Amino acid sequence: MSKKLNQLEATAICGNDISSSCLYVSALAIFYAGQYAWISLLMVAGVLFLFRRIYGEVVGALPLNGGAYNALLNTTKKSTASIAAALTVLSYMATAVLSGSEAVKYAHSVWNAIPVFPVTIGLLLLFMGLVIMGIGESSKVAVFIFLFHLFSLTLLCGFCLYFFFSNGFETLIANFKIPVGGSITMALFFGFSAAMLGISGFESSANYVEEQKPGVFPKTLRNMWIVVSVFNPLIAFLALGLLPQEVVNNNQDALLSFLGETSGGHWLSVLVGIDAALVLSGAVLTSYVGVGGLMERMALDRILPSFLLKRNKKKSPYFIFILFFALCTSILLVTHGDLPALAGVYTIAFLTVMVLFGIGNLLLKINRKHLPRPERATYLGVLGAIAAVMAALLGNIFLNPEFLITFFEYLIPTLFVVFFMLYHKRILKASLMFIDYISPDNSPFFKTWNRITKEKLDAITSRSFIFFTNNDNVETLNRVMLYIKRNEPTRNLKIVAVVKDGKHVAQNLKSDIEVLNRAYPDINIQFIEEEGKFGPEKIEELSKRWGIPINFMFIGAPGEDFPYKIQQLGEVRVII
């Protein structure tokens with residue numbers, strides 16, 4: 001890309017999503033944890049601090065779009081990574097629809113003439129148009145929304161603090177005297193579980209890391225952590241200092257607007273309402289940008305149809321955004337704008353993606369331990385973060401068991417599409433067997449079906465893949481073959497050794513490949529000695545010469561002395 005996002009632009013895109021949580025998460029935490037809500041929110045900030053290292057290590061080692069999908073794709077099976085991808089897409093769909101709908105509802109509260117349902121569709125359409133125009137243009141909108149949101153929150157907290165110190169501590173003391181239903185531990189647990197929704201959007205930056213300038217990604221994680229750690233606990237504490245708990249619980253849907261009305265008057269309430277509409281709209285933009293990077297990567301890896309990769313003059317994959325808009329609009333039409341059930345999809349999908357990213361970090365440590373990375377999370381930190389998110393996931397399911405049913409209603413069709421693309425070679429082979437079984441005489445209809453199926457199967461399996469070797473032994477190459485056989489529908493593999501002029505590979509490598517050729521008769525292995533220097537230029541040259549996409553090329557995990565960063569090699573996949 002010619003346009004790369006700087007720190008403010010990259011932070012604004014993902015920050016609008018995570019900072020929009022201030023509008024609802026404090027009220028939600030108070031509902032479950034009462035006067036201890038601010039402690040639950042500080043616990044969430046602690047978990048997010050651990051995830052800063054987790055994300056920093058994985059994306060630092062593998063700085064490619066795709067988030068949890070990319071982490072698992074380069075450390076384990078493609079099918080496992082596909083589950084993470086499906087969950088992330090679901091999370092983005094739910095975020096876009098919920099945020100868009102809530103944004104319009106806030107605008108409706110300021111100006112009653114706004115019709116909620118059609119304007120929500122119009123908002124989704126507007127941001128589709130923005131991202132199709134290019135990420136540079138959409139980032140300018142995100143920056144304006146983000147800065148206005150920070151200004152509004154700072155202004156609101158300032159007025160609340162002034163009101164709090166001017167009117168004494170009676171309300172706060174009265175709230176702390178209210179007995180907690182059950183134990184304090186359970187109140188903190190359920191408050192923490194509900195408050196974990198306040199970090200949705202933290203995963204988004206990893207889905208468009210390739211569009212960011214070098215060194216920007218860890219700064220986006222730091223900036224998001226600061227916003228969540230400061231504003232969420234502070235707003236919860238101020239709410240308890242200004243309002244009785246009963247009043248807070250009765251005004252959950254617009255708590256910040258109510259705080260503005262109480263501390264500064266009607267003008268501040270209106271300002272907060274406008275800010276809420278804008279920042280929730282910004283969360284819609286986050287969904288589009290995040291899903292664009294993810295679905296493009298999935299299409300490159302043949303998990304989604306390849307037509308989604310078509311680009312316009314702005315280099316934008318417009319089919320992805322059109323499809324995403326259509327999916328979000330269909331959800332609105334099916335639910336008639338009544339979206340509480342979709343919140344369950346959003347909750348479970350988002351938290352599951354966080355768990356999978358933590359697992360991806362562990363697999364990176366174990367399976368790709370020699371891969372260079374700028375920072376490392378400790379095993380204890382990773383396990384603690386995974387355990388905390390799993391606890392929050394179980395807590396949310398316990399509080400809202402119906403969410404789990406709705407989640408599977410959306411997940412199953414999504415996985416059906418993904419796994420159909422992933423296993424379409426086997427499906428086509430099964431289709432041929434079915435034709436032979438029901439019509440052994442091959443009637444005209446079944447002859448045509450047979451011919452089309454064989455042509456499609458041939459097109460799928462004829463694509464060649466490349467593994468770049470560096471005098472690997474037969475054991476390593478056998479692991480490569482097993483990976484290819486289990487994850488890629490191909491019958492052609494080129495094992496390429498890039499050697500300096502006049503040099504040759506060890507003789508045993510050629511004999512080892514001959515052994516593998518006999519061991520895997522379904523895959524034609526071609527060994528090639530390519531003169532030159534291995535690096536980005538050679539990869540691009542071979543891609544053009546042989547007509548093989550770079551994302552069909554594999555390498556083993558490079559060591560610390562490797563002269564290139566993994567992102568300089570393009571979409572080359574690390575498989576051993």
Side-chain angles (χ1 to χ4, degrees), residues 17-51 98-99 102 153 156-157 160 164 171-172 174-202 224-260 262 272 276 279-280 283 340 343-344 346-348 350-351 354 388-400 403:
D17 190 358
I18 197 168
S19 64
S20 67
S21 67
C22 299
L23 298 168
Y24 59 84
V25 76
S26 296
L28 203 57
I30 291 170
F31 181 79
Y32 289 110
Q35 60 268 44
Y36 302 104
W38 58 279
I39 300 177
S40 294
L41 288 161
L42 285 173
M43 290 165 61
V44 170
V47 172
L48 197 62
F49 182 81
L50 296 177
F51 269 100
L98 285 167
S99 298
E102 289 301 313
L153 288 178
L156 174 65
C157 290
C160 287
F164 176 64
T171 303
L172 182 66
N175 279 329
F176 268 86
K177 287 182 178 179
I178 296 173
V180 178
S183 67
I184 295 176
T185 302
M186 292 308 296
L188 286 172
F189 170 67
F190 287 124
F192 167 77
S193 298
M196 279 296 288
L197 299 182
I199 61 173
S200 66
F202 189 75
M224 286 189 287
W225 176 75
I226 291 172
V227 169
V228 168
S229 301
V230 172
F231 282 111
N232 287 356
L234 178 60
I235 290 170
F237 187 83
L238 290 173
L240 291 165
L242 270 65
L243 305 170
Q245 278 192 43
E246 184 181 353
V247 175
V248 172
N249 293 335
N250 290 336
N251 290 274
Q252 279 192 62
D253 291 340
L255 177 62
L256 270 64
S257 292
F258 194 82
L259 282 172
T262 303
V272 171
V279 76
L280 285 165
Y346 159 73
T347 302
I348 297 175
F350 158 67
L351 291 175
M354 293 288 282
V389 177
M390 289 183 69
L393 182 60
L394 293 173
N396 276 283
I397 293 172
F398 181 84
L399 292 171
N400 301 283
F403 281 4

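Predicted model, so just to flag it, every value in this text is computed and none were measured.
- Residues F231 and S19 fail the side-chain proximity criterion, which asks for heavy atoms closer than 4.5 Å.
- Nearest heavy atoms, S193 versus A391: OG-O, 4.0 Å.
- Looking at every heavy atom in both residues, F192 comes nearest to A388 through CE2-O, 3.5 Å.
- When side chains are defined from C-beta on, V272 does not count as touching L259, because their heavy atoms never get closer than 4.5 Å.
- When atom types are taken as modelled, the side chain of W38 and the backbone of L234 share no donor-acceptor pair closer than 3.5 angstrom.
- For the side chain to side chain contact (heavy atoms under 4.5 Å, CB included) test, residues two or more places apart in sequence or in another chain that qualify with L393 are I348, L351, T352, I397.
- Minimum interatomic distance between L255 and A239 (heavy atoms only, all atoms of both residues): CD2-CB, 4.3 Å.
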- Would you please test L242 and T171 for side-chain contact (heavy atoms from CB on, under 4.5 Å) and show each step? CA-CA 6 Å; L242 270 65; T171 303; 6.0 Å; no
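- L172 is listed as a side-chain neighbour of F237, based on a closest heavy-atom distance under 4.5 Å.
- Remark: side-chain polar atoms of S40 are paired, donor with acceptor, to backbone N or O of L188 under 3.5 angstrom.
- With a 4.5 Å cut-off on side-chain heavy atoms, F202 and V228 do not count as touching.
- The minimum heavy-atom distance linking A45 with S229 is given by the pair CB-OG, 3.3 Å.
- Counting heavy atoms from C-beta on, the side chains of I199 and M354 come closer than 4.5 Å.
- To the nearest 0.5 Å, atoms CG (N232) and OG (S21) are separated by 4.0 Å.
- The shortest distance between side-chain heavy atoms of I18 and V227 does not fall below 4.5 Å.
- Checking side-chain atoms of N175 against main-chain N and O of L240 turns up a donor-acceptor pair under 3.5 Å.
- The two residues G201 and M224 come nearest to each other via the heavy atoms O-SD, 3.9 Å.
- Aromatic ring orientation, F190 versus F398: parallel (interplanar angle below 30°, classes split at 30° and 60°).
- To the nearest 0.5 Å, atom CD of residue Q245 and atom CZ of residue F176 are 9.0 Å apart.
- For N250, the side chain to side chain contact (heavy atoms under 4.5 Å, CB included) partners two or more places apart in sequence, or in a different chain, are E246.
- For the atom pair CG (N251) and CG (L256), the distance works out to 11.5 Å, reported to the nearest 0.5 Å.
- Using a 4.5 Å heavy-atom threshold, the side chains of C157 and L238 count as touching.
- Between L41 and I235 there is no side-chain heavy-atom pair separated by less than 4.5 Å.
- We find the OH-CG distance between Y24 and L280 to be 8.5 Å, quoted to the nearest 0.5 Å.
- Note that the CG atom of N249 and the CG atom of L28 stand 10.0 Å from one another [nearest 0.5 Å].
- Atom CZ of F31 has 12 or fewer heavy atoms from other residues, nucleotides or ligands within 6.0 Å.
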